[in-house]
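Below is the structure I would like to discuss, written out as structure tokens.
Chain letters run A, B, ... following the sequence lines, proteins first and then strands; every chain starts at 1.
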Number of protein chains: 2
Amino acid sequence: MSRTAPTAALTESNSDSRKTSQNDHIYEEMLAAILEQRLTPGTKLSEDTLGEIFGVSRTVIRTVLQRLAHERIVRIQPNRGAFVSEPSPEEAREVLQARRLIEEGIIRAAVCNQSPADIKGLKRAVAEERLSLETGDHEAWGRLSGDFHLKLAEIARNQTLSAFLRELVSRTSLIIVQYQKGALSPCSCDEHAEIIKAIAARDEDRAIELMNAHLRACEDQLNLRENDTKADLYSIFSKPVKATGKSRGAM
Amino acid sequence: MSRTAPTAALTESNSDSRKTSQNDHIYEEMLAAILEQRLTPGTKLSEDTLGEIFGVSRTVIRTVLQRLAHERIVRIQPNRGAFVSEPSPEEAREVLQARRLIEEGIIRAAVCNQSPADIKGLKRAVAEERLSLETGDHEAWGRLSGDFHLKLAEIARNQTLSAFLRELVSRTSLIIVQYQKGALSPCSCDEHAEIIKAIAARDEDRAIELMNAHLRACEDQLNLRENDTKADLYSIFSKPVKATGKSRGAM
DNA sequence: TTTATTATTTTTGTATACAATAATATCTTA
DNA sequence: TAAGATATTATTGTATACAAAAATAATAAA
């Protein structure tokens, strides 16, 4: 297949055919698929198949997979291929701990740098979020819920921190897919709204506290016991352990 | 060139020829070259040339360059190629701000998680650092100075944060190459030693304060005025600006 | 039937070929 | 000579070919 005549992608309209952003386009497409849970943890990402789907050779698919792997959304096993990441409970705790730290820093900066337009933007984001929840657009909600945090990061005017948070938010999505206990609690919008209020009021301490509570609430909704399949089988069929045995691991 | 008969690399002994880590090996080699200032900011990284040097095809060089690009050590310009990054003053401030935030979090965790062995390890790291300074091994010092921070991160037992800091430390090296004003101040060892003491004493607040001072001192040794060549030419040949004019940019 | 071994197929890793773009050199014209 | 236009060369982007490894299927032995 020549560079000038790309076959049409099977899944995608591909409105603007700038070839510079061909990588980017496939990357966005795959990331969206993962974040919207159309691709679930553990799914094999065959290079050939993806190449056919997007109408490109394995070369460019490989580039995209490596990028996703660097962001820990995808795990590449040597000579075995790429798979949608299955974050361990340990990793889940790490990601949420990192988010608490980084989002605290972001709030500090955002409280200083905020403009009225910024606050308006945040409120708009929460309104969208609330709408998606009312209309029952579940996939959109997952995305928009993260977008609020990314918008907040933009206000902090530190692209380096924004990039880190972007990765963490994506990984959080995967974590939620894997470990969410019950249904999603829709109170998230209200918590976001409260955080905006505190920032607008320049109440740094309160904003930080609200954010921390928000993220801890998220973690509390997860079932992060060490339930590796293997370990489970062993524990199930071996002599019973003490009721208090299962260590929750130090955070 | 077949997979079974890799031509010997021109620069490298390549003692263990596990092919799994061929990428990794080239990556490490290039990273070291950049951090030890054998490759300076702006240097063009030609795929062909690197391929010849390491005795591999452009395919694997490309993979390595993309990895370095993701870590912001290398910048890839579409259709132009890869170059060693030239971080802007803005980016330099961002990186150091991010480091202050993340290393504060790391210290908090390290103060909790520390074992006597950890403290011993840190002290050993500083001793090595001091030795390299005394023997005048400048390149080693640059590396070891960063290693202290990475060892500290390990004690925090959060690989996600460690990975972020690893990237930031690498980028800091590039920043120092570009913007260091005078000679390097060798007091860094002493500052590291003080930080260890505070951590061992479980004095979280003092450890954090020392780390912040340490990182701010680093930033203060940089000349981060907006001296883009272009902007400079304009300002040099246009009517003189007020003496106080040059904004230092808000942190 | 089950297990172990071998053969086949599939899939990844790497090199290479070719196309497209950028960089450089050559030629033309004022 | 200088400036612009054109041709040439070099370099990156992508597809493809082939080798190595892994996964799967088929066969043989217990």
Length of the CD1-P vector between B:I61 and D:dT11, whole Å: 15 Å
Salt bridge flag under 4.0 Å for residues B:D220 and B:K181: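 No, B:D220 and B:K181 are not salt-bridged.
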Is the B:F164 ring parallel, tilted or perpendicular to the A:F164 ring (thresholds 30°, 60°)?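 Geometry flag for A:F164 against B:F164: parallel rings.
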Residues in side chain to side chain contact (heavy atoms under 4.5 Å, CB included) contact with A:R75, at least two apart in sequence or another chain: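 A:R75: side chain to side chain contact (heavy atoms under 4.5 Å, CB included) contacts with A:Q77, A:F83, A:S85, A:E86.
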Output all residues satisfying side chain to side chain contact (heavy atoms under 4.5 Å, CB included) with A:V177, sequence neighbours left out; order by chain, then residue number. A:Q37, A:P41
Applying side chain to side chain contact (heavy atoms under 4.5 Å, CB included), can you list everything that pairs with A:T49, at least two apart in sequence or on another chain?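 A:S46, A:I53.
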Strictly below 4.0 Å: does A:Q77 bring a side-chain N or O up to OP1 or OP2 of D:dA22? no
Euclidean distance, atom CZ of residue A:F83 to atom C1' of C:dT11 [Å, nearest integer]: 11 Å
Among C:dT14, D:dA23, D:dT14, find the nucleotide with the atom closest to the side chain of A:R80.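 The closest nucleotide is D:dA23.
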Side chain of B:R58 (C-beta onward), nearest among D:dT12, D:dA15, C:dT14: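 From the listed options, D:dT12 comes nearest.
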Within residues 40-49 of chain B: residues closer than 4.0 Å to DNA chain D (heavy atoms):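 Close to the strand are B:K44, B:S46, B:E47.
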Which pairs count as salt bridge (charged side-chain N to carboxylate O under 4.0 Å, His left out) when at least one residue sits in residues 140-164 of chain A, sequence neighbours excluded? A:E36-A:R143, A:D118-A:R157
With sequence neighbours left out, write down each residue that passes side chain to side chain donor-acceptor pair (under 3.5 Å) with A:E103, or none if nothing qualifies.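 If we apply the side chain to side chain donor-acceptor pair (under 3.5 Å) test to A:E103, skipping adjacent residues, the hits are A:R99, A:H149.
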Give the rounded distance in Å between these two atoms: CD1 of A:I76 and C1' of D:dA21.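 Nearest whole value for this atom pair: 16 Å.
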From C:dA22, C:dT16, D:dT16, nucleotide with atom closest to B:N79 side chain: C:dA22
What is the distance, to the nearest angstrom, from the CG atom on A:L50 to the P atom on D:dA15? 14 Å
To the nearest Å, how far apart are B:E52 CD and C:dA15 C1'?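 Spelled out: CD on B:E52 to C1' on C:dA15 is 14 Å.
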Please state how far atom CD1 in A:I26 lies from atom P in D:dA15, giving the value in whole angstrom units. 9 Å
Under-4.0 Å side-chain N/O to phosphate OP1/OP2 contact, B:T59 with C:dT14: no
Rounding to a whole Å, what distance do you find between B:Q66:CD and C:dT14:C1'?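 Distance check: B:Q66 CD to C:dT14 C1' gives 14 Å.
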